[in-house]
Amino acid sequence: MIPDPRISQQTMATAQDAASGVQQKRQEELEKVQEPTPQSEEDYPLRFCTVCASNQNRSMEAHLVLSLAKYPVISFGTGSAVRLPGPSIDKPNIYSFNKTTYDEMYQELKSKDQRLYTANGLLNMLDRNRHIKAHPERWQDWKVGVPRLEENGAVGGGTGAGVPEGVVDVVITCEERCWDAVLEDLHNRNAPLNRLVHVINIDIKDNHEEAIVGGKGILELANMMTAAAREERARAAAAGVVFDRGTVDGRVPEIMGAWQEKFPNLPALWTVSYF
């Protein structure tokens, strides 16, 4: 997960420069977003959820990018605990989901070894995360249908409004084992709401640079799915009929094929399940 923390003092300055370069690249990618800011439910009818193992790197980069584009979005991890690199391979930093805040992690690692955790990018990552929401959350503990307001507990108030309805239309995982965990959990819940959800896996390597690339791909997929939803909503309005979400659902295989051609280095899987 994230770069190997065993960094000699001789390479600290180089690593810090590299971390700064990653942040600069991320800012440049965000500036390329050309989609108009959505103003209403009619503009952006789809809600998203991003998932990785610890709700730290890949899911949170995608969460940030989607929230800055004004998409309703929440995020989770599927692991048993939050694991971050420590001073050596056999000494990771382990935290609890749904309890320890990103800010507490940030302050603790900063006090332990500021140079090390700046050099390997953890402090930059946690600083980003603590301004998005309060703490990492575990998918399996999500109470579907309960309103989700992401600003609660985040430093500075958070970056988005979350998902007030407590449900999403699309779940995007960042590696196949997370995809499997999400599908297994949905199966075990026995679909109490009988609400269809698209579950998509985009295979993203767990490092800061690849998380940026993956976030860009996820944003483009959200844009493509939303464009299809807009088209179907406009078609229904022109025909004088009620918008049927099923018309959008039926276009997802076509959208996934077109998206994969744009991002051949991000292998994707798609299926449907139910909340």
- Note on the structure: The residue among I218, V51, N201, V73 that forms side-chain contact (heavy atoms from CB on, under 4.5 Å) with I172 is I218

- Task: Answer yes or no: is there a side-chain heavy-atom contact under 4.5 Å between M105 and P136?
- Result: yes

- Item | Any V252 side-chain heavy atom under 4.5 Å of M225 side chain | yes

- Item | Rounded distance (nearest 0.5 Å) linking atom CD of E108 with atom OH of Y117 | 8.5 Å

- V213/F263 under side-chain contact (heavy atoms from CB on, under 4.5 Å): CA gap, chis, key distance, verdict: CA-CA 10 Å; V213 174; F263 295 90; 5.8 Å; no

- Item | With sequence neighbours excluded, residues passing side-chain contact (heavy atoms from CB on, under 4.5 Å) with R195 | R47, V167, D169, L193, R245, F275

- List in chain and number order the residues that pass side-chain hydrogen bond (donor to acceptor under 3.5 Å, both in side chains) with E175, two or more places apart in sequence or in another chain; answer none if no residue qualifies. R58, R177

- Task: Mind checking ring-ring contact (aromatic ring centres under 6.0 Å, His included) for W139 and listing every partner two or more places apart, or none if nothing turns up?
- Result: F76, W142

- Mind listing the closest non-hydrogen atom pair of S75 and C49 along with its distance? CA-SG, 4.5 Å

- C52 to C178 - nearest heavy-atom pair and separation: C-SG, 3.5 Å

- When every non-hydrogen atom of R189 is compared with those of V144, the smallest separation belongs to NH1-CG2, 3.3 Å

- Query: Under 4.5 Å between any side-chain heavy atoms of N223 and Y71, yes or no?
  - Reply: yes

- Quick one: does N207's side chain have a donor or acceptor within less than 3.5 Å of a partner on E210's backbone? yes

- Note on the structure: R251 and R235 have their tightest heavy-atom pair at NH1-NH1, 4.4 Å

- Task: Give, for atom CG of L221 and atom NZ of K216, the distance between the pair rounded to the nearest 0.5 Å.
- Result: 14.5 Å

- Determine, stepwise, if the pair E176 / D180 fulfils side-chain contact (heavy atoms from CB on, under 4.5 Å). CA-CA 6 Å; E176 193 166 347; D180 291 338; 4.2 Å; yes

- Task: Using a 4.5 Å cut-off on heavy atoms from C-beta on, say whether the side chain of L122 contacts that of M125.
- Result: yes

- Item | Flag, side chain of W179 to backbone of V199, donor-acceptor distance under 3.5 Å | yes

- Is it true that a side-chain atom of D185 and a backbone atom of A181 form a donor plus acceptor pair closer than 3.5 Å? no

- Query: Step by step, would you call R130 with T101 a side-chain contact (heavy atoms from CB on, under 4.5 Å)?
  - Reply: CA-CA 8 Å; R130 66 180 179 158; T101 68; over 6 Å; no

- Message: One pair to check against side-chain contact (heavy atoms from CB on, under 4.5 Å): E61 and R128. What are the steps and the verdict?
- Response: CA-CA 9 Å; E61 175 66 23; R128 173 199 66 195; 2.9 Å; yes

- Smallest heavy-atom separation, A258 atom then M224 atom, equals CB-CE, 3.7 Å

- Item | Cluster link L84 to I94, ILVMFWY, side chain under 4.5 Å | no

- Query: Are W270 and I200 side-chain neighbours, meaning at least one heavy-atom pair lies under 4.5 Å?
  - Reply: yes

- Item | Close side-chain approach of Y274 and L186, heavy atoms under 4.5 Å | no

- Query: With E220, which residues qualify under side-chain hydrogen bond (donor to acceptor under 3.5 Å, both in side chains), at least two apart?
  - Reply: K262

- side-chain contact (heavy atoms from CB on, under 4.5 Å) against D141, all qualifying residues, sequence neighbours excluded: N98, R138

- Note on the structure: When rounded to the nearest 0.5 Å, the distance separating CG of L66 from OG1 of T50 is 7.0 Å

- Which residue pairs pass the ring-ring contact (aromatic ring centres under 6.0 Å, His included) test when at least one of the two sits in residues 78-112, sequence neighbours left out? none

- Gap separating the OG1 atom of T173 from the CG atom of D203, nearest 0.5 angstrom: 8.5 Å

- Out of curiosity, C174 SG to L266 CG, how far, rounded to the nearest 0.5 Å? 10.0 Å

- Are any non-hydrogen side-chain atoms of N55 and V82 less than 4.5 angstrom apart? no

- Item | Nearest atoms (heavy-atom pairs only) where A228 meets V248 | O-CG2, 4.5 Å

- Query: So, do K112 and N93 sit near enough that their side-chain heavy atoms are less than 4.5 Å apart?
  - Reply: yes

- Message: Go through it in stages, so that I can follow the logic: the residues are S88 and D90, the test is side-chain hydrogen bond (donor to acceptor under 3.5 Å, both in side chains), and I'd like the CA-CA distance, side-chain angles, deciding distance and then a yes or no.
- Response: CA-CA 5 Å; S88 63; D90 60 342; 2.6 Å; yes

- Item | Between CG on residue L109 and CG on residue L116, distance to nearest 0.5 Å | 9.0 Å

